[in-house]
Structures are given as structure tokens and as C-alpha cells.
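Structure record follows, encoded as C-alpha cells.
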Amino acid sequence: MASVLKEGLIRRKNGYFPSYQRVDCTLQKDGVLTCFRYRTGEMVSVFKVSKVCKLHMGTRRRDVAVGSGKEGCLLSIYSKGNVLLGKFLFEDNKEADEWRKVLQALIDEDKHGESATKDEGDDIGEMEKKEANKEKVDDDLPMQDAAFVVSEDIEKKINLASKLKWETIGASSGLRIQREYSMTKLFPCLKISCEIPAEVDDIMDVIVNSPELFNESLQKFEIIEKISEKCCIQYAQHKSSGWFSSHRDSVLKVSWGLLDGGMGMVTMQSTGLVDVPVQPGFVRMKVFLAGYLITPSLDPLKKCCNVHYTVHGDLKGWIGAMPRAVAEKYIVNSLAANLLGLRDLFVTKQYVPVEYDKMLSAMRISASHASNVSSMNKYKSMRKIHEALGDQADEKAKALCSMTSKMGSFDPSFWTETPIHDEPFKVRGKNYLKDHVKIKTDSTVAKLVAVDLFETTERVDHIASRDDNLRHTLQKSDLLRRSKTQSDDKLEDLCSEDDISEKNASDVLFIMHFQVPGPPFYSLVLYFSIPHDKLDLEKPFGKLFQDFVTKNDESRDTRVKLIPRVVEGNWFVKKTVGETPAILGKKLKQRYYGDGETYVEVDCDVGSSSVARSILGVVKGYAKTLSIDLAILLESHQESELPEELIGSVRLIHPDLDKAVTLV
């Protein structure tokens with residue numbers, strides 16, 4: 001051990017915070033400066049003062065560590081690149097000057113030694129490169145791998161690692177998380193272990209050559225230089241942990257090979273052997289020592305290994321400057337994600353591979369059959385009636401009936417009426433204006449007869465006015481409603497021209513048109529058929545509907561209400577969408593069309609609100625995994641309009657926007 005050159009009790013800046021704590025500093029002749037906490041004796045920091053270091057003297061006034069009104073002397077030590085290694089505060093200028101002279105003498109001596117040994121390659125990076133090139137011979141080495149001979153520097157760090165003391169700080173998902181607590185005080189040193197069902201060679205091959213298979217944070221990975229068969233230099237870019245931090249990159253020297261007992265080791269540390277400039281928007285993190293230790297099972301029949309993943313480094317940036325506990329949080333999350341990804345990569349190989357597209361399609365069909373029996377029967381009924389019409393119907397009626405498939409009504413496996421009886425919504429009760437009590441409703445005024453999903457190049461207004469719109473089919477034939485309510489009647493009676501005219505005059509189509517911003521733009525159109533008996537002016541809904549169709553747009557904006565409900569989906573989407581009723585006209589731009597006697601169309605422009613666009617962006621991202629209810633009603637403002645009744649409700653089951661029909 002090198003002899004002590006100078007020691008003393010001084011004050012050291014406490015990390016990120018503007019305070020100074022007492023430390024016992026010991027400076028050895030080899031330039032290693034070690035700081036121990038004054039009261040506990042724990043190591044706080046250790047670094048080497050060398051030729052690349054610079055000193056700076058300054059003053060600090062009225063510091064709490066010195067005393068009010070007193071002037072302290074600051075001594076700062078910087079490494080190459082003006083990185084602060086340590087900042088020390090002295091009450092006595094004389095003492096500060098003594099430390100400065102000793103440190104400066106060490107720096108000058110190291111610079112003098114550099115010139116004397118310049119030809120020998122004193123730079124640590126050059127030494128490592130030369131050693132890696134020298135270690136290509138000796139086939140009879142104990143490890144049976146001449147390329148995997150660690151340099152003296154790495155050997156020292158492995159030696160140091162054997163002296164580290166670990167404490168368990170957590171366990172989750174089969175992972176054991178440990179922290180070193182005896183020697184690494186300044187920067188986090190963490191280890192995570194788990195069992196992986198694979199051979200040592202297979203695990204090492206994936207770690208070294210294909211880390212992108214399990215490391216989700218990896219944006220870019222490349223081997224920029226191959227030093228030997230078992231040693232290379234890798235460059236990697238990592239995604240940031242959030243919008244508040246920058247992306248990270250690293251240049252690592254990676255060595256790997258087999259040790260005694262069949263164990264495998266992969267070591268990584270930051271290197272300066274290759275000059276790779278830092279890209280804009282990235283922070284170059286420093287890895288002092290990291291690696292994987294892979295130990296095989298003692299049972300030769302058991303194909304699994306225990307993998308220990310250790311990292312000791314500095315994240316740099318503002319996260320690296322924060323207290324150690326803060327930096328540990330980010331490192332633990334990253335280590336756990338990497339090791340879980342590595343484990344899952346090999347676990348999935350033990351099972352039959354799943355074709356997810358086919359699986360999701362089967363799940364949608366299954367869900368549809370479970371909760372959409374009536375919808376499927378309705379769809380099939382219409383098709384059968386259309387086929388049975390044959391020559392009995394005129395060509396125009398025949399074409400209109402077939403438009404259900406031609407014009408791309410949304411695949412019925414993706415939607416159904418919400419089972420209101422089993423899963424009711426809450427609406428305003430009869431005395432809501434007095435007691436503000438909501439009641440459960442298990443019925444709707446109208447029936448959901450069709451759903452369209454169109455993709456367009458621009459926003460489409462008044463979609464019901466198009467000649468090819470489904471409204472004409474429904475009003476001309478009116479087959480959907482009567483095929484259900486009069487299924488015992490003869491077909492020719494159902495489709496007689498006089499009967500169609502009479503029934504059509506009594507029903508009103510309520511068309512809810514959600515205009516989804518783009519490009520591409522989408523139109524989700526819901527068709528609800530309101531029977532005549534529900535529009536009786538003596539009933540609350542009849543009065544409310546009459547008021548809705550006769551008043552102006554400003555009044556209508558206060559009426560149309562949507563109640564969303566995420567039945568199945570990501571918790572984040574559930575929290576984002578919520579289940580709070582919303583008056584659409586107060587938040588979004590709405591347009592109203594129709595004569596009020598045969599149909600009413602409400603166009604809801606979702607793109608007219610930045611908040612709605614944000615929520616829609618979340619929903620679209622998870623659309624294929626969601627089941628969501630959309631209940632439509634008119635809000636009651638007067639006692640005579642209470643209780644509220646739902647016009648109708650649709651359940652979208654894992655909707656696939658790719659199934660939308662292009663509308664030209």
C-alpha cells in the first residue's frame with residue numbers, strides 16, 4: 001500500500017446540495033485522494049490526482065459550515081474536460097495553500113513522468129489496447145480462451161468487486177435487487193439476479209451480439225471496433241426515462257469468455273480508445289464497471305443459469321448530480337427491465353409460438369358471439385331478407401338493401417349494443433333538480449341498427465345527405481326493425497310498398513356522427529332508430545326530443561350528452577377516458593342536420609378541441625386492445641323532461657381502424 005503523503009480534517013461539498021460536511025482526507029504518494037465521513041468513518045469518495053487535473057482557488061463568504069461573517073477558502077479539483085472531482089472548504093487560507101502545493105506537486109510530477117515514458121504509451125487507453133493485442137497467443141491458458149485475458153486495470157476492479165459488501169433492498173418478479181454499501185458512496189453500485197432457462201453460451205451470445213432483443217431502451221447499437229475474438233468496443237444510444245431527461249449514450253469496451261467451473265462473464269466499462277463525438281440531445285454516461293456473471297446449475301440435467309447483472313456508474317447530467325438515492329431509482333428500473341427482457345426472451349422459446357393476429361381475431365369473434373348474439377342475428381336477418389326478395393323488389397330497393405355490405409357498414413364482430421340490462425348506466429332521476437340523485441337505467445329509447453366506419457381524405461359533413469349513405473337503405477326498406485318485431489309476418493307483407501311508407505313515416509333515425517381528425521380522417525357513424533310511440537309529447541322523452549329538434553343550435557349544444565365507459569383495456573386509458581358524462585356541445589364544435597321527422601344527424605368534430613384530440617390520441621394507440629361503451633342521450637333541464645332516458649349505446653370491441661372503408 002502506498003504511503004500517506006498528507007492527511008487532515010477538512011470540509012467537502014456535499015454532492016448536489018450547497019453544503020459542506022466534515023471529512024477525513026488522506027492523500028497517498030500515488031495520487032489517490034480518499035475521503036471518509038468524520039463521525040462514521042464511511043468512505044465518501046475516492047479519486048486519483050493526475051496530470052490531467054486542474055486546481056482552482058476561490059473564496060466563499062458567510063457559509064453555514066464556517067460561520068456567519070467569516071470568509072472561507074475554496075479549493076476545487078477538476079479532471080480532463082472540466083469535470084468537478086471534488087470541492088473543499090478551508091477556514092484557514094494557510095492550510096488551503098499547503099494542500100494546493102502538495103496537490104500541484106503531484107500533478108507536475110505526473111506530467112514529468114509522462115514525457116519520460118511517452119514512447120511506452122502511458123495513457124491508460126493505449127495500455128489497454130496494447131494488452132488486448134498482446135493477448136492473442138498462449139492456447140494453453142487455464143481458461144482455454146487466450147482472447148479473454150483481462151487487462152491489469154480490469155483485473156484490479158474485479159479484485160475490488162470481490163471485496164464489495166451487498167445488502168438486499170428488494171425482490172420482485174423473481175428478481176433479487178442488491179446495493180453495495182461499504183465502498184461505493186458517491187455513485188450507485190447495484191446488482192440484480194435472476195434465473196434464466198438457457199445455456200451459458202446462448203445467454204452470452206445474446207448479451208454481446210444482440211442486446212436489442214431484450215433491451216427495450218436501446219435506440220441504436222453497433223460494434224465500432226473489434227479488438228479480438230472476445231473483446232470489442234460497442235456504441236449504444238438509450239432512450240430517456242422521461243420527457244424531463246436527455247437521452248444517454250455510451251462507448252464501452254466489452255470482454256467476454258468462460259471462467260473456471262463453466263461460468264461465463266461479460267464485463268463492460270467506458271473507454272476512450274475510440275473517439276465517438278456526443279450527438280446533440282444526448283449525455284455520455286460513465287460506466288466504471290458493469291457486467292454479467294452467468295453461473296450454470298450444479299444439476300447437469302437442469303438447463304438453466306443464475307445471472308447476476310451489476311452496474312457501477314455515473315448517469316451524468318442533472319440526474320447524475322442528484323443525491324445517490326435519486327440516481328439509484330433510475331438505474332434499478334433499467335436493470336430490472338433489461339434482465340426481465342433477457343429472461344422472457346428465453347422463456348418464450350420453451351412454448352409454442354403464438355400468431356398474435358390470428359389470436360386477436362379469434363378473441364374478437366369470441367367476444368362478439370358472447371355479447372353480440374342479437375346484433376349478429378339482426379345482420380344475418382337483413383341479408384336473408386334481401387336474398388329472399390329476389391325479383392319481388394324493384395332494382396333500386398334491391399341495391400339499397402345490399403348497401404349494408406357494399407358501403408362498408410362496420411364489421412359486426414367489432415361492435416354490438418351495450419347489454420344495458422346487465423351493465424346499466426346512471427342518468428338523472430325524476431327528482432334530480434331537487435335531490436341530485438341519479439338512477440340506473442336498463443333500457444334505451446332507440447335501437448342501434450347499424451355502425452359505419454369510413455376513412456376519408458378530409459372531414460365529411462352531413463354524411464346522411466350522400467346518395468350512397470345507409471340512411472336511404474334504412475328508410476326505404478325499414479327491414480331491420482320489422483324483421484325483429486314482426487318476424488312472424490309474411491315476407492311480402494313486410495316489404496310491400498304501402499307498408500314501408502306507413503312505417504317509415506313513424507320512425508326517426510338519430511344519426512350520431514363522430515368526425516375523427518387526421519389525416520387520415522375517420523367517420524364513425526351510429527344509426528339509432530327511434531319508434532313512433534317513444535315520441536309521444538305526453539312523455540318526458542317526447543317533450544325533450546321535440547324541444548331539441550325545434551330549438552336553435554345554441555340550445556342543442558347544451559343537450560347532447562355522451563357517457564363513455566372503458567369495459568376492457570389498459571388502466572391508463574381507463575383513467576384518461578373516465579366515466580364522467582360530458583355535454584359534447586360545450587367542448588366540441590357540433591353541426592346539426594335533418595328535418596326532425598325522418599332523421600336527425602349530429603356531427604361531432606372531435607378535432608375542434610385540443611383536449612379531445614389528446615384523449616383520442618391515447619385511445620387510438622390502444623384501440624385494438626379496448627372494449628369501450630358510448631352511450632348517447634339528451635340532457636334534461638326541466639322537471640317535465642325527467643327522468644332521463646338513453647337514446648342508445650354502442651360497445652366497440654377491439655375496433656380495428658384498418659377495417660375502415662375508404663369513402664370517396
Side-chain angles (χ1 to χ4, degrees), residues 1-61 63 65-67 70-118 120-127 152-153 156-157 160 183-187 270 272 286 288 314 316 320-321:
M1 182 177 178
S3 59
V4 176
L5 183 62
K6 186 173 179 59
E7 59 183 353
L9 181 64
I10 55 181
R11 296 180 183 270
R12 172 185 168 276
K13 189 173 186 296
N14 185 18
Y16 177 79
F17 300 100
S19 61
Y20 293 78
Q21 61 180 193
R22 288 191 176 187
V23 292
D24 282 321
C25 290
T26 302
L27 179 62
Q28 300 173 358
K29 287 186 177 181
D30 59 1
V32 176
L33 180 61
T34 309
C35 300
F36 300 90
R37 201 179 301 277
Y38 171 59
R39 295 190 180 277
T40 63
E42 296 176 341
M43 182 186 294
V44 178
S45 68
V46 57
F47 57 86
K48 185 174 182 179
V49 179
S50 63
K51 63 181 182 298
V52 298
C53 292
K54 296 184 294 184
L55 302 179
H56 179 265
M57 296 290 290
T59 59
R60 182 175 180 85
R61 185 173 178 83
D63 189 271
V66 178
K70 293 186 178 180
E71 188 175 271
C73 185
L74 285 177
L75 174 60
S76 304
I77 305 176
Y78 294 89
S79 69
K80 185 178 181 180
N82 290 327
V83 177
L84 181 65
L85 295 176
K87 182 177 286 189
F88 301 92
L89 180 65
F90 300 87
E91 298 182 22
D92 187 357
N93 291 347
K94 182 179 179 181
E95 183 183 9
D97 191 55
E98 289 177 359
W99 275 92
R100 183 192 63 78
K101 289 179 181 179
V102 174
L103 291 170
Q104 190 63 53
L106 278 174
I107 294 173
D108 295 340
E109 182 180 348
D110 198 33
K111 288 182 178 179
H112 178 70
E114 175 190 15
S115 60
T117 58
K118 184 176 182 181
E120 298 178 6
D122 185 47
D123 181 74
I124 186 64
E126 291 297 327
M127 289 176 64
E152 184 180 353
D153 183 60
K156 288 180 180 179
K157 291 195 174 183
L160 177 65
M183 301 181 68
T184 54
K185 294 298 181 182
L186 187 59
F187 299 108
S270 295
K286 178 74 172 178
F288 304 123
D314 182 7
K316 298 295 184 180

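Not measured: the values here are computed from a predicted model.
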dist Q104:CD -> K101:NZ (nearest 0.5 Å) comes out at 11.5 Å
Picking from V32, L27, T26, L103, what satisfies side-chain contact (heavy atoms from CB on, under 4.5 Å) with L5?
L27
Residues D97 and R100 bridged, charged N to O under 4.0 Å:
yes
Please list, chain by chain and in numerical order, all residues satisfying salt bridge (Lys or Arg N to Asp or Glu O under 4.0 Å) with K286, sequence neighbours excluded.
none
Quick one: list whatever passes side-chain contact (heavy atoms from CB on, under 4.5 Å) with E95, sequence neighbours left out.
I10, F90, D92, W99
Using 0.5 Å steps for rounding, measure from the CZ atom of F88 to the CG atom of L75.
7.5 Å
Here the pair of heavy atoms bringing K29 nearest to L106 is O-CD2, 3.6 Å
Locate the shortest heavy-atom distance separating V23 from L9; write the atom from each residue and the value.
O-CD1, 3.4 Å
Interatomic distance, CD@Q28 vs CG@L33, rounded to 0.5 Å, equals 9.0 Å
